[in-house]
Amino acid sequence: GVTQPDGSSRQANGVALAGSYEVLRHTYVFADYRLFRDAGSTNSLDIQEARLGAGFAFPVARPLDLFLEGSLLRNESERCIDSDCQDINSNGYSYGIGAWIALNPAGGIRISWTEQEYDRDDPRGNPVQRSGRLIELGLHSRHTGHSIVLGGQAYSDANSFKVGYRYTF
């Protein structure tokens with residue numbers, strides 16, 4: 001979680017909006033935006049993160065598709081500790097794997113794991129590399145190529161509720 005000056009740890013929570021579009025058979029582009037916030041009486045953390053990427057789905061069997069994804073990241077955060085606030089911005093990339101499992105013709109579940117790597121400056125101006133893992137579980141409904149996705153995302157220091165739209169595949 002987010003380490004506080006007293007040594008305790010808390011989670012930031014937020015929301016995510018996402019969309020994807022199949023551009024070629026089994027190949028898609030996607031974008032998502034996540035906003036996290038953790039506010040205490042003297043400490044706060046605000047994180048905004050955007051991803052833009054592409055993926056490829058591999059149909060394995062009637063109810064199962066596996067997929068690979070890659071994306072570019074932009075992360076902007078502000079951390080305040082006892083009214084001392086610092087802005088930290090970074091760029092990076094991510095790669096991930098996952099599965100869509102059809103429960104019936106109208107919908108199913110999506111499970112994915114994504115590794116995120118990005119460079120940023122620490123509060124003293126030194127470059128550091130930060131990585132994080134994003135685990136996602138969601139339900140999606142299908143109707144004539146259009147899907148609505150609802151789910152949750154878990155990081156090491158933040159969690160979010162996700163709402164998304166997916167066209168085809």
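- The distance from atom CZ of Arg74 to atom CG of Asn91, rounded to the nearest 0.5 Å, is 4.5 Å.
- To the nearest 0.5 Å, atom CD1 of residue Ile47 and atom CZ of residue Arg34 are 10.5 Å apart.
- Under a 4.5 Å side-chain heavy-atom cut-off, the cluster of Ile, Leu, Val, Met, Phe, Trp and Tyr residues that includes Tyr33 is completed by Leu35.
- At least one side-chain heavy atom of Leu103 sits less than 4.5 Å from a side-chain heavy atom of Ile109.
- Under 3.5 Å, the side chains of Ser94 and Thr114 contain no donor-acceptor pair of N or O atoms.
- Heavy atoms only, all atoms of each residue included: Pro59 and Ala57 are closest at CD-O, 3.6 Å.
- Annotation: ring-ring contact (aromatic ring centres under 6.0 Å, His included) contacts of Phe30 (sequence neighbours excluded): none.
- Annotation: ring-ring contact (aromatic ring centres under 6.0 Å, His included) contacts of Phe58 (sequence neighbours excluded): Phe56.
- In this structure, His26 and Tyr28 have side chains that are not in contact, with every pair of non-hydrogen atoms separated by 4.5 Å or more.
- Of the inter-residue distances, the one linking Ser77 atom OG with Asn89 atom CG reads 7.0 Å to the nearest 0.5 angstrom.
- Counting heavy atoms from C-beta outward, Ile101 and Ile111 have side chains that approach closer than 4.5 Å.
- Distance check: Asn13 CG to Arg37 CZ gives 12.0 Å after rounding to the nearest 0.5 Å.
- The existence of a salt bridge linking Arg51 and Glu49 is excluded, since no basic side-chain nitrogen approaches an acidic carboxylate oxygen closer than 4.0 Å.
- The existence of a salt bridge linking Arg110 and Glu69 is confirmed by a sub-4.0 Å separation between a basic side-chain nitrogen and an acidic carboxylate oxygen.
- Ser71 contributes atom OG, which lies 7.0 Å from atom CD of Gln116 (distance to the nearest 0.5 angstrom).
- Rounded to the nearest 0.5 Å, atoms OG (Ser90) and CD (Glu117) are 11.5 Å apart.
- Residues Phe67 and Ala99 share a closest heavy-atom pair of CE2-N, 3.2 Å.
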